[in-house]
Amino acid sequence: MHDDLSSDPAGDAVGDAPGARAVPWWQTATGYQVYPRSFCDSDGDGIGDIPGITSKLDHLADLGIGFIWLSPVYASPMADNGYDIADYRAIAPEFGTLDDFDRLVAEAKARGIGIVMDLVVNHSSSEHAWFRSACQGRDAPFHDYYIWRDPAPDGGPPDGRRAAFGGSAWSFVAEVGQYYLHLFSPAQPDLNWQNPGLRAEIWDMMRWWLARGIAGFRMDVISLIGKDVDGGIDEEGPYLHGFLQEMHREVLAGRDLVSIGESWSVSPETALMYCGRDRHELDMVFQFAHVKEGWDPVHGKFRPKPFDLVAFKRVMFDWQAVMTNDGWNSLFLTNHDLPRQVSKYGDDGEYRVRSAKALATLLHLMKGTPFVYQGEEIGMTNATFTAISQFRDLEILGHHAESVAAGMSEAEFIAGANVNGRDNTRTPMQWTDAPGAGFTAGTPWIDINDNHVRINVAADRADPDGVFAHYRRLIALRREKRVISHGALTPWHEPHPQVMVYTRDLDGERVTMIANVSGEEVRFAPDPALVAQGVCLVHNVAPRDAVTSDLALAPWEAFALLSRADGTTPLAA
């Protein structure tokens, strides 16, 4: 028998006890990430836009989405596709206007969908008015809104920090006679969070967006804001949690919203410092341990390792354990920085549909808030580019020359970029089989995946057994069944190399999730404690009304059984 990993958060009621606090809305909702540039183009310029998003809200409402995480739509020179913001209170013209944004918020709200803004405040664009002023001299207004250091004795950068997108993390400005820090690209100078005036500007900007009716913030690389530059600590620096607590006091407290932090460094040991109930910081945090598990220890993401289910389960279950009685998990396999999950973890060939459903099943029935990335709900796959000229991602282009110079062949680099590169999820949404995939009537900003002629929303939604229908069922189950949103999670058979199993328990009900995460038939003998009669909640091969002592699982088969905790059939599904 295994340790119980999850129970209802203390103080949040999933029953009807008198005086119990209501469960926050985002604990039973499912999020959906929209990457605006690639979602839907309303004006034929090849770039997705806000009116295009508004035109597709019925698709998301039918899916059952509770809120949209909207990647940046702020005014930007688009060096990093909007994650370099030049004006925090303006909309990029290619995406539309503030009126378009307000209409999106209103139309989404009318469908029961909130809009969660992407908050990018570790850095701004180098074209922001603050930075243009800062570069005029050391006494210039806003100079101290950024991080400056004198050259090293030899005139070079102050230290050996490397930028995430390649090259030094320092760039020299002659008018200032100093280097400025940019942990991503020179077009993204880091903001100096030690400056209280900067923080006050950020709090005021956040309140301004909340006044427009948004439902919260997803906070980009938020674990970098507390850095100790001279101490060499960038991630999870000593000032991080003080700044987040100040943000909570000044902006978030007392509001009915959701706050989600992103951190590539958060660990099971530090997770509850962000989202523990008594920390007064954030509601949940995106962590990437399951992603980094598949990277080469030397060459990183561009030389990926084969998928290891045992390692994947260990990470996922460890994070469930961390949030046993406190905090809250964010559940995702894909986002705008990651490859398509059916290509990365599943089988995008013969078993594309079935493996897409299996991955959704094993993720959505865990405890936490699931996130769907655009196109995931129809099983979109990675692109296959053959030349570096087809890529648009700043990270890939920045690392290309360095990787080849370090001995990686051009072909190997492109192969790695096709597996793990960020452009995989940035190819346009595949709405129809038309030449522009229903995304645009013009020339798309990045190539459309050729397989849109067979993999598209129209075709999948026309199939009552399609991927969309499966996602809709899973999303509805989370809203309807408290055992799924808040039940205790217990992992089983962790060492099994092909099968993932866990149970969810609450108030005498049990959900047993079993998935064959492989393209082979597997004979599987569940632990005797799992054997039960029940009602099949969801399946991707055929319904099963029991977990028996000997299961023959088809390739990529996944199902979930609802039973009483004593193994008997419940009264209703």
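These numbers come from the heavy atoms of this one structure, side chains and all, not from hydrogens, waters or symmetry mates.
- Between D102 and R212 a salt bridge is recorded (basic side-chain N to carboxylate O distance below 4.0 Å).
- Salt bridge annotation for R454-D433: absent, with no cationic side-chain nitrogen under 4.0 angstrom from a carboxylate oxygen.
- Checked against the 6.0 Å centroid threshold, H336 and Y83 count as a close aromatic pair.
- Two rings, from W264 and F286, have their centers 6.0 Å or more apart.
- Inspection of the E376 and Y471 side chains reveals an N or O donor paired with an N or O acceptor under 3.5 Å.
- Taken to the nearest 0.5 Å, the CZ atom of R426 stands 11.0 Å off from the CD atom of Q374.
- Taking the centre of each ring, Y373 and F332 stay at or above the 6.0 Å mark.
- Distance check: N456 CG to I378 CD1 gives 6.5 Å after rounding to the nearest 0.5 Å.
- Taking 4.0 Å as the cut-off between side-chain N and carboxylate O, K357 and D465 count as a salt-bridged pair.
- Ring-plane geometry between H59 and Y32 is classed as perpendicular, the angle between the planes exceeding 60 degrees on a 0 to 90 degree scale with a lower cut at 30.
- Side-chain contact between R510 and S563: present, with at least one pair of heavy atoms (C-beta onward) separated by less than 4.5 Å.
- Comment: D550 engages R523 in a salt bridge, judged by a side-chain N to carboxylate O separation of less than 4.0 angstrom.
- Not less than 6.0 angstrom separates the ring centroid of H452 from the ring centroid of W431.
- Ionic pairing of R504 and E509 is not present here: no N-O contact between side-chain nitrogen and carboxylate oxygen is shorter than 4.0 angstrom.
- Between the side chains of H539 and E557, not a single donor N or O lies within less than 3.5 Å of an accepting N or O.
- Between the side chains of W556 and S518, not a single donor N or O lies within less than 3.5 Å of an accepting N or O.
- Counting non-hydrogen atoms of neighbouring residues, nucleotides and ligands closer than 6.0 angstrom, the NZ atom of K109 reaches no more than 12 such neighbours.
- Between E107 and R103 there is no salt bridge, since no side-chain N of the basic residue sits under 4.0 Å from a carboxylate O of the acidic one.
- The structure places CG of L252 at 8.5 Å from CH2 of W203, a figure rounded to the nearest 0.5 Å.
- With hydrogens and angles left out, the side-chain atoms of E521 and N516 include no donor and acceptor closer than 3.5 Å.
- Checked against the 6.0 Å centroid threshold, W295 and F288 do not count as a close aromatic pair.
- Looking at T440 and D41, their side chains do bring a donor and an acceptor atom within 3.5 Å of each other.
- We find that D62 and R461 are joined by a salt bridge, their nearest charged nitrogen and carboxylate oxygen being less than 4.0 Å apart.
- Between the side chains of T425 and N335, no donor N or O sits under 3.5 Å from an acceptor N or O.
- Donor-acceptor pairing under 3.5 Å is recorded for the side chains of S343 and D348.
- Residues R218 and E262 are paired through a salt bridge, judged by an N-O separation under 4.0 Å between the basic side chain and the carboxylate.
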